[in-house]
Amino acid sequence: MKWIVNMKVKNYIRNWSNQDIHTKYMDVIVDIKIKDTNCMLMLEGNQNIDDVFRLIWELLSLYDGYFYEPISYEVDGIIKDREELIKLGYFKTDKKWYESELIGRSKRDLSTEVIEKYDKFRNEGMTDKKMTKSVINAFYYLKSQDYEKINVNHRLSLLLNIADGFIINTFRKTNNVKGNLDKLFKETVDIQKLKNGISLLGIDEEKFKYVLSEERHMFDHYIYKEDSLATFVYNGNEEIVDYATWYFVYILELVIRINILKEAGVTLNQEVLDYALESINDWIIYENDLDVECTTCHYQIAQLHKSMGIEME
């Protein structure tokens with residue numbers, strides 16, 4: 001049996017996105033060609049093609065931040081309805097996540113070993129006395145079209161729950177929410193760069209994990225917390241504080257993606273991860289016209305155009 005799936009990829013810096021990949025898993029041979037705004041997948045095997053395709057689709061979404069959109073789909077030369085591929089709602093990503101930075105760029109590791117480790121990790125469930133499968137599914141669903149209208153405070157609360165669940169099911173020991181956040185952020189993004197971004201919002205950068213833990217307690221248990229992020233935003237007088245909740249949503253999403261890939265045995269380039277973080281910081285700088293120079297390509301150009309009175313598309 002042979003599958004050919006043609007998928008749409010976002011327009012991005014070509015040498016950071018284009019890639020040819022050849023791999024194999026569960027006796028399924030897979031060839032992937034990502035070029036410009038297109039991704040062509042060819043899978044051949046007697047069985048397991050459906051499962052292997054979905055594992056690869058998920059891994060690509062972790063690397064790039066969103067699920068590629070199917071354009072066409074055929075099996076043994078017979079054209080099929082592309083909607084048949086979307087068996088679960090989370091395969092349709094909410095458009096806001098299409099702005100996510102690539103964290104694998106043109107070196108996305110889809111080796112047999114990575115797919116196998118990811119498959120085992122993401123599918124650990126009740127029979128394994130774990131809830132990893134539910135955690136991973138919840139993460140994908142939270143970014144889907146089905147959740148596009150969810151309140152941002154609730155979105156952050158759910159992400160904090162997902163982060164907790166990830167750490168509990170990975171390390172099995174937990175002391176408290178802040179302790180889980182310590183583990184989640186460890187060896188991911190540059191903490192100093194993160195603190196620089198947090199300081200732009202007027203939040204004490206040394207206390208951000210405590211602020212997030214109080215946020216979770218507040219929305220999980222409906223207990224007013226003086227030091228929660230929601231309280232900070234509510235009491236804020238400057239327009240920039242309105243960006244604070246979304247800032248942490250984007251940061252948590254990025255750090256969770258990194259952690260899942262690490263569990264699959266992927267080694268990511270630290271400079272690329274820091275660039276992804278800095279793009280979130282630059283978003284705060286650009287949208288609030290702060291007197292700080294942006295460091296990422298897109299926002300440097302946007303910042304220059306804004307200074308010249310030219311509107312970006």
Side-chain angles (χ1 to χ4, degrees), residues 3-10 30 32 34 37-39 41 43 48-75 79-104 108 110 115 118-128 130-166 169 219-220 245-246 249-250 252-261 263-264:
W3 281 28
I4 298 178
V5 184
N6 191 13
M7 309 186 90
K8 183 179 179 181
V9 177
K10 73 178 179 182
V30 184
I32 304 169
I34 300 171
T37 58
N38 178 260
C39 174
L41 296 96
L43 304 94
N48 303 317
I49 291 183
D50 194 312
D51 291 336
V52 173
F53 169 72
R54 292 177 202 291
L55 288 170
I56 288 173
W57 199 4
E58 290 182 5
L59 280 164
L60 287 170
S61 82
L62 292 171
Y63 280 119
D64 287 17
Y66 65 98
F67 280 99
Y68 295 177
E69 180 183 348
I71 298 171
S72 63
Y73 160 49
E74 63 179 68
V75 177
I79 297 174
K80 300 282 189 176
D81 183 356
R82 63 182 179 176
E83 292 297 316
E84 292 178 9
L85 295 171
I86 306 172
K87 294 182 178 180
L88 296 171
Y90 66 63
F91 286 114
K92 285 189 174 182
T93 306
D94 182 8
K95 294 294 184 184
K96 69 169 61 67
W97 297 105
Y98 280 47
E99 296 301 315
S100 299
E101 286 293 332
L102 313 186
I103 59 175
R108 305 169 185 87
L110 291 174
I115 301 172
Y118 175 70
D119 185 10
K120 182 179 183 301
F121 173 73
R122 74 90 66 230
N123 284 307
E124 289 179 326
M126 299 288 281
T127 56
D128 308 292
K130 299 185 78 170
M131 294 289 288
T132 310
K133 186 173 184 178
S134 296
V135 169
I136 301 298
N137 288 346
F139 178 65
Y140 293 143
Y141 271 116
L142 187 58
K143 296 172 60 180
S144 72
Q145 288 183 8
D146 292 344
Y147 280 74
E148 65 179 334
K149 295 180 181 178
I150 189 174
N151 175 280
V152 67
N153 295 104
H154 187 43
R155 188 186 294 272
L156 179 58
S157 175
L158 289 173
L159 269 173
L160 288 167
N161 274 281
I162 290 167
D164 257 7
F166 176 88
N169 284 277
F219 281 92
D220 279 7
T245 309
W246 271 111
V249 165
Y250 292 140
L252 277 174
E253 186 271 347
L254 171 63
V255 173
I256 291 171
R257 280 166 60 201
I258 294 170
N259 273 282
I260 296 173
L261 285 170
E263 286 302 310

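- The aromatic rings of Y147 and Y141 sit tilted, their planes meeting at an angle between 30° and 60°.
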Worked check of side chain to side chain contact (heavy atoms under 4.5 Å, CB included) between I150 and L158: CA-CA 10 Å; I150 189 174; L158 289 173; 3.6 Å; yes
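- Under a 3.5 Å cut-off, the side chain of N259 and the backbone N or O of V255 do form a donor-acceptor pair.
- Partner of L43 under the side chain to side chain contact (heavy atoms under 4.5 Å, CB included) criterion, chosen from V30, V75, I4: V30.
- No close placement of the W57 and Y68 rings is indicated, their centers lying 6.0 Å or farther apart.
- Between L62 and F139, some side-chain heavy-atom pair lies under the 4.5 Å cut-off.
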Before you tell me yes or no, could you show the steps for Y73 and E83 under side-chain hydrogen bond (donor to acceptor under 3.5 Å, both in side chains), namely the whole-Å CA-CA distance, both residues' side-chain angles and the distance that decides it to 0.1 Å? CA-CA 9 Å; Y73 160 49; E83 292 297 316; over 6 Å; no
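- Of the possible polar contacts, one joining the K143 side chain to the G65 backbone as a donor-acceptor pair under 3.5 Å is found.
- With N151 contributing its side chain and H154 its backbone, the two residues share a donor-acceptor pair below 3.5 Å.
- Formation of a donor-acceptor pair under 3.5 Å by the K10 side chain with backbone atoms of Y98 is found in this model.
- With hydrogens and angles disregarded, no donor-acceptor distance shorter than 3.5 Å links the side chain of T245 to the backbone of V152.
- Contacts of K87 classified as side-chain contact (heavy atoms from CB on, under 4.5 Å), with partners at least two apart in sequence or in another chain: D50, R54.
- Residues I256 and L159 are in side-chain contact: their nearest non-hydrogen atoms beyond the backbone lie under 4.5 Å apart.
- When all heavy atoms are compared, the tightest approach of S144 to G89 is CB-O, 3.8 Å.
- Between the CG atom in L41 and the CG atom in N6 there is a gap of 9.0 Å [rounded to 0.5 Å].
- Side-chain contact between L110 and L60: present, with at least one pair of heavy atoms (C-beta onward) separated by less than 4.5 Å.
- Classification of the Y140-Y90 ring pair by plane angle, with boundaries at 30° and 60°, yields tilted.
- Looking only at side-chain heavy atoms (C-beta outward), D94 and W97 come within less than 4.5 Å of each other.
- With hydrogens and angles ignored, the 3.5 Å screen pairs no side-chain donor or acceptor of R122 with any backbone N or O of T132.
- At least one donor-acceptor pair under 3.5 Å links the side chain of N169 to the backbone N or O of M131.
- Here the side chain of K92 pairs no donor or acceptor atom with the backbone of D146 at under 3.5 angstrom.
- The structure places CG of L142 at 9.5 Å from CG of L156, a figure rounded to the nearest 0.5 Å.
- Electrostatic pairing of R155 and E148 does not count as a salt bridge here, judged by no charged N lying under 4.0 Å from a carboxylate O.
- Under the 3.5 Å distance criterion, with hydrogens and angles disregarded, no donor-acceptor pair is assigned to the side chains of E99 and Y66.
- Between the side chains of S157 and D220, at least one donor-acceptor pair of N or O atoms lies under 3.5 Å.
- Rounding to the nearest 0.5 Å gives a distance of 4.5 Å between CG of L102 and CG of D64.
- The pair K133-D128 does not meet the salt-bridge criterion, since no charged nitrogen lies less than 4.0 angstrom from a carboxylate oxygen.
- Among all heavy-atom pairs drawn from S100 and R257, the shortest one is CB-NH1, 3.8 Å.
- Proximity of N38 to V9: side-chain heavy atoms (C-beta onward) are nowhere separated by under 4.5 Å.
- Residue-environment remark: NZ (K96) exceeds the threshold of 12 foreign heavy atoms within 6.0 Å.
- Taking CG of L85 as the start and CG of L88 as the end, the distance is 12.0 Å to the nearest 0.5 Å.
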Show your working on salt bridge (Lys or Arg N to Asp or Glu O under 4.0 Å) between K95 and E69 and close with a plain yes or no. CA-CA 11 Å; K95 294 294 184 184; E69 180 183 348; 3.8 Å; yes
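- Remark: E74 engages no residue in a salt bridge (charged side-chain N to carboxylate O under 4.0 Å, His left out) (not counting sequence neighbours).
- Summarising the geometry, atom CG belonging to N123 is positioned 9.5 Å from atom CD1 belonging to I136; distances are rounded to the nearest 0.5 Å.
- To the nearest 0.5 Å, atom CD1 of residue I162 and atom CD1 of residue I260 are 9.0 Å apart.
- Nearest approach of C39 to I34, heavy atoms of both residues: SG-CG1, 3.7 Å.
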